[in-house]
Amino acid sequence: MEFPHLKPAGEALFRDQFVVKAHELLRPWKGEEVEGFSLVGVPLSKSSISHSGASFAPDSIRDAFSYYTTYAVEEDLDLRSLRVTDLGNIRMHPTDILLSQRRIEETVSALVKAHRQMIPIFLGGDHSISTSTIKGFASGWGQVGVIQFDAHHDLRNLDDGGPTNGTPFRRLLESGTIEGKHLIQIGIRNFANSRPYREYAEAKGVSFYTMKEVRARPIGVLLDEVIRSLRSEVDAIYLSLDMDVLDQAFAPGCPAIGPGGMEMGTLIEAVSYLGKEEKVKAVDIVEVDPTKDIRDMTSRAAAYLLLTFLSSKTS
Ligand code: CA
């Protein structure tokens, strides 16, 4: 006997034969060589200065892809034939943060060396993960430039807390992984930083653009300037997206929410611009805490930005 109106549990309530949902682009890795985009979850947030459930974000961002279709109407581009290989999540130690950070670096290093054509997308986690992912990435790529979208410099001293989400870029500079002139920070904002860290950035030759500078001109013009100085200097560019660069109105699920931040449209335009840059070979998205989010707004914003990155890199 057949029951045509019964559907398996977990299957979508409604299917339209002409619509492909974006989560269908994600394919579990079966051990093959990865030549295009990959997702790697990095669920570490015990290293966060403030309370953070960002370790839940890799899975919530994956789930948020299901809110979207594969079709970019603005470009008349359908991503339905694109494949994003989902490598899963890096296993964290329950208590040992340093060991977890070592696992991230070792895993990323091994992955980029084994899959030379892979463009990894790292789903954090708090921002401390970027030290480890960038170290691992640089071991396969050589001289790496970093474009960091962030409300904060993340250049805090290490004596007062060690390898937290306040120190990732200081650790990269002090370990010699990247040079100061190859680090560009965009979206730094008022009452979220301290003068000694601005002075540290200046002393190291780090370029940074405050929100006032971001608001003053189109983001494409600003990025033209950034890319022109970086492109000829480095072998690859790593894009680090701290979602707290966004104003709290757009990203309520970040541990460090605040006003005066970037508008979502500006960040979408920036990611679209940078996706077209050939030297951009990796991206991370960090500081999404699904336990504080409202209607998955921040996870949805993260998934939307990643779809924007995929579409601009493919077009
Ligand atoms: Ca940050």
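Note that the structure is a prediction, hence the values are computed from the model and not measured. Remember, it's 1-based here, ligands and their atoms both numbered in the order they're listed.
- Put simply, the angle at the Ca ion (ligand 1) from OD2 in D150 to OD2 in D154 is close to 80°, to the nearest 10°.
- Between E75 and K276 there is no salt bridge, since no side-chain nitrogen of the basic residue lies less than 4.0 Å from a carboxylate oxygen of the acidic one.
- Between E278 and K281 there is a salt bridge, since at least one side-chain N of the basic residue sits less than 4.0 Å from a carboxylate O of the acidic one.
- No other N/O/S atom of D242 lies as close to the Ca ion (ligand 1) as OD2 does.
- The pair E225-R217 counts as a salt bridge, with a side-chain nitrogen and a carboxylate oxygen less than 4.0 angstrom apart.
- When distances to the Ca ion (ligand 1) are checked against a cut-off of 3.0 Å, H127 contributes an N, O or S atom below that limit.
- Within the 4.5 Å cutoff, the side chain of L25 has heavy atoms near those of the L307 side chain.
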